[in-house]
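Structure first, then comments.
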Amino acid sequence: GTCIYYNRPIVIEARDQMDGSRKWVLKMHEWVLGKDGVFHYEPLPSSRTDEFIENTRFDTPDECHSFWVQNVNAEKPLYC
């Protein structure tokens with residue numbers, strides 16, 4: 001199903017990295033969830049810093065989902 005947060009759909013999407021690996025993000029419109037529990041605007045690839053990538057990328061879709069459930073969904077409403 002579709003999850004809605006602040007009236008916007010939440011999706012987990014793949015992001016191919018410069019080294020050829022694949023990381024995952026939890027995306028809300030133009031925003032991605034950081035490991036600090038805050039949604040951050042996702043700039044164009046050329047404007048993304050190493051710190052931004054480290055904070056907003058997860059190794060697997062399951063890790064991304066688990067972070068959401070443990071850190072955001074418990075504190076704020078989520079409608080699925």
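Computed from a predicted model, the values in this text were never measured in an experiment.
Judged as a salt bridge (charged side-chain N to carboxylate O under 4.0 Å, His left out), and not counting sequence neighbours, the contacts of Arg57 are Glu42. In this view, Ser21 and Asp19 satisfy the side chain to side chain donor-acceptor pair (under 3.5 Å) rule, not counting sequence neighbours. Every side-chain contact (heavy atoms from CB on, under 4.5 Å) that Arg22 has, sequence neighbours left out, goes to Ala14, Asp16, Trp24. Applying the side chain to side chain donor-acceptor pair (under 3.5 Å) test to Lys23 and every residue at least two apart in sequence or in another chain returns Asp59. Applying the salt bridge (charged side-chain N to carboxylate O under 4.0 Å, His left out) rule to Asp62 yields no partners; only residues at least two apart in sequence or on another chain are considered. Among residues two or more places apart in sequence or in another chain, the side-chain contact (heavy atoms from CB on, under 4.5 Å) test is passed with Asp36 by Val38, His40, Asn55.
The same ILVMFWY cluster, assembled from side-chain heavy atoms under 4.5 Å apart, contains both Tyr41 and Ile10. Under the 4.5 Å side-chain heavy-atom criterion for Ile, Leu, Val, Met, Phe, Trp and Tyr, Val32 and Val69 are members of distinct hydrophobic clusters. Side-chain heavy atoms closer than 4.5 Å link hydrophobic residues (I, L, V, M, F, W, Y) into clusters, and following such links, possibly through other members, connects Phe52 to Val25.
Looking at every heavy atom in both residues, Leu33 comes nearest to Phe39 through N-CD2, 3.7 Å.
Atom CZ in Arg48 sits 8.0 Å away from atom OG1 in Thr56 (nearest 0.5 Å). In this structure, CD in Glu13 is found 10.0 Å from SG in Cys64, a value given to the nearest 0.5 Å. Here the CD-CD1 distance, from Glu63 to Ile12, works out to 10.5 Å after rounding to the nearest 0.5 Å.
Phe67 and Phe58 have tilted rings, their planes meeting at an angle from 30° to 60° on a 0 to 90° scale.
A 6.0 Å sphere centred on CD of Glu54 holds no more than 12 heavy atoms belonging to other residues, nucleotides or ligands.
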